[in-house]
Amino acid sequence: MPVFYRYVTEIEVGPGGRLLPRPGAAWRPEPARGEASVHRDFARLASATDRRIAAFASVHGLLRRQAGGVLSQTGPAMAVKAATVGQQGLDDAEIARDWIDAGAKGEPPAGTADTVATVAMFASLPEPMLATIEAYLDGRAEETTGGDPATGLAALAGIAPVIGPRVPDLVAQASRIRELDPDLVQRGLRVNEWVSRVFGGLDPEPASITALGGATSLLGLIPAALPEILTASELLDGADGPQTAYVEGLATETVADWRQAAQAMGHRVRTTDLVHRALATGLTLEEKRDLARECAALAGFHAPAGLSAVDLAERTRVLMTRMIEADLHALGAWPPLRYAVAGLHVRTLVAAWAALTDAPPPVPCATPGCRNTHPATRNRQYCDACGADRRSARTRTRRAVQARAKGQAPPG
């Protein structure tokens, strides 16, 4: 199974049944291990008390099921969005740099307050993290591809409680950047410009970003799955912008939302159980009728009356599997990345898919540009075709080295 990461904090029930982080509680990132049956556990919340739902959210994180919004389109449309965001950010960064280099007098030029605030955030990073980024930019550090790329987001979550509360103030009073150490501001400017170039498609992506699906996926991932304190919605398109409204809407989850989603998942669980019983031990007449109704609801037409329970189960499994995949794809989460940050809604869907198919979900090939997938087995990163190409390349390299060595050896 892919190793998902979840972001959790202590959740309480507020006015109107809204699920809210307890004031002062820290967010923490953690691998979402041991969730093979999380979809079943979640389904039991359909009639749970408010307190039980809040306790479940405190352990497993929030649903984040609104991920299919303005910042999480998939495919070429999202690639265009990432490129335009990055390139516009680069243009704004040049204007902001000129203003800062001239002494940051008065207010920032119109439209650059969010850029100045972003620079201030980068300038406020802990020294080890800022130095690590700079070492990469200077070519003094080699980026490894075998580690867990989600650890960078985990580190960001660790410093978010310190930086996050400053964001609204920085946006509202961007001119306060002149109060920061000028050397740190220059370093923050450099990092901000590099990030803009990466998102704008003008600089190559680091391997850690590629492993998370690239800048295109990351742009949708951040507001869709991470704590609100990390989304910095004020930096997207201003306080009244549609992207900011979308990010703020992600934080709105109520116990009624949870019960509705749990009821829908319970329906999937019961259908999955019917499918497995039909394939293993058989069904009663009433159970077969239930399965036939489920198959018709999924397909949009009724199967022949004489179809066996096994045939009904096979049809239903295929249809339901494809529908879950479609739901996940709409959320930008299919096929799931080997290391992905995901809300509870995505993780329950993946668990339901695995239970229905009796197989782990496939993961994308690690070769840039390859659209193939492969089973999520330990230590495997490439599809069959790319794996064969890599083995052939290694063989050719080894033979070339051996041939050169023989040519250089003194005559015997």
Check ion pair Asp273-Arg268 (N to O, under 4.0 angstrom): no
Residue pair Asp311, Ser308: steps toward the side-chain hydrogen bond (donor to acceptor under 3.5 Å, both in side chains) verdict: CA-CA 5 Å; Asp311 288 336; Ser308 70; 3.2 Å; yes
Whether Arg6 side chain and Leu344 backbone form a donor-acceptor pair below 3.5 Å: no
Side-chain touch Gln186/Arg190, heavy atoms, less than 4.5 angstrom: no
Atom CZ of Arg390: over 12 foreign heavy atoms under 6.0 Å: no
Validation row: Thr373, Pro335 side chains within 4.5 angstrom (heavy atoms): yes
Whether Arg259 side chain and Ala48 backbone form a donor-acceptor pair below 3.5 Å: yes
Distance (rounded to the nearest 0.5 Å) between Arg187 CZ and Asp183 CG: 8.0 Å
CD/Gln263: more than 12 non-hydrogen atoms of other groups inside 6.0 Å: no
Any donor-acceptor N/O pair, His60 side chain to Phe42 backbone, under 3.5 Å: no
Side chain to side chain, Arg317 and Leu279, heavy atoms closer than 4.5 Å: yes
Asp327 bridged to Arg322 by N-O distance under 4.0 Å: no
CD1 on Ile100 to CG on Leu189, rounded to 0.5 Å: 4.5 Å
Sidechain-backbone polar pair: Arg40 side chain, Gly266 backbone, donor-acceptor under 3.5 Å: no
Gap between atom CD of Glu30 and atom OH of Tyr7 - 0.5 Å precision: 10.5 Å
Charged N-O contact under 4.0 Å between Arg270 and Glu294: no
CG-OG1 distance between Leu356 and Thr272, expressed to the nearest 0.5 angstrom: 4.5 Å
Heavy-atom pair with the smallest gap, counting every atom of Cys295 and Arg315: SG-CB, 3.9 Å
Separation of Asp50 CG from Glu12 CD (nearest 0.5 Å): 12.5 Å
Contact check, side chains of Phe122 and Leu184, non-hydrogen atoms, under 4.5 Å: no
Non-hydrogen side-chain atoms of Arg52 and Leu45 separated by less than 4.5 Å: yes
Atom of Leu283, atom of Leu274 and distance for their closest heavy-atom approach: CD2-O, 3.7 Å
Least distance between heavy atoms, Val350 atom then Pro361 atom: CG1-CG, 3.8 Å
Short N-O contact, Glu253 and Arg18, less than 4.0 angstrom: no
Asp257 versus Thr254, side-chain donor and acceptor atoms under 3.5 Å: yes
Minimum side-chain heavy-atom gap Leu19-Val13 below 4.5 Å: yes
Heavy-atom donor-acceptor pair, Thr112 side chain to Pro108 backbone, under 3.5 Å: no
Set of ring pair (Phe, Tyr, Trp, His ring centres under 6.0 Å) partners for Trp334, sequence neighbours left out: Trp353
Cationic N near anionic O, under 4.0 Å, Arg347 to Glu35: yes
Backbone of Tyr382 reached by a side-chain donor or acceptor of Arg380 within 3.5 Å: yes
Side chain proximity check, Thr271 to Met320, heavy atoms < 4.5 angstrom: yes
Test item: Ser58 side-chain N/O and Ile11 main-chain N/O as donor-acceptor pair under 3.5 Å: yes
Approximate separation, where rounding is to 0.5 Å, of Thr348 OG1 and Asp41 CG: 11.0 Å
Heavy-atom pair with the smallest gap, counting every atom of Ala278 and Ala309: CB-O, 3.8 Å
For His302 against Ala296, the heavy-atom pair lying closest together: ND1-CB, 3.4 Å
With a cut-off of 3.5 Å and sequence neighbours excluded, list every side-chain donor-acceptor pair involving residues 87-96.
unit_1: Gln87; atom_1: NE2; unit_2: Gly200; atom_2: O; d: 3.0

Those residues that, when tested against Thr284, pass side chain to side chain contact (heavy atoms under 4.5 Å, CB included) (two or more places apart): Glu286, Glu287
Residue pair His39 / Ala351: nearest heavy atoms and the distance that separates them: ND1-CB, 3.6 Å
Test log, rule side chain to side chain contact (heavy atoms under 4.5 Å, CB included), inputs Met265 and Leu349: CA-CA 8 Å; Met265 182 55 66; Leu349 287 175; 4.1 Å; yes
Side chain proximity check, Val185 to Arg178, heavy atoms < 4.5 angstrom: no
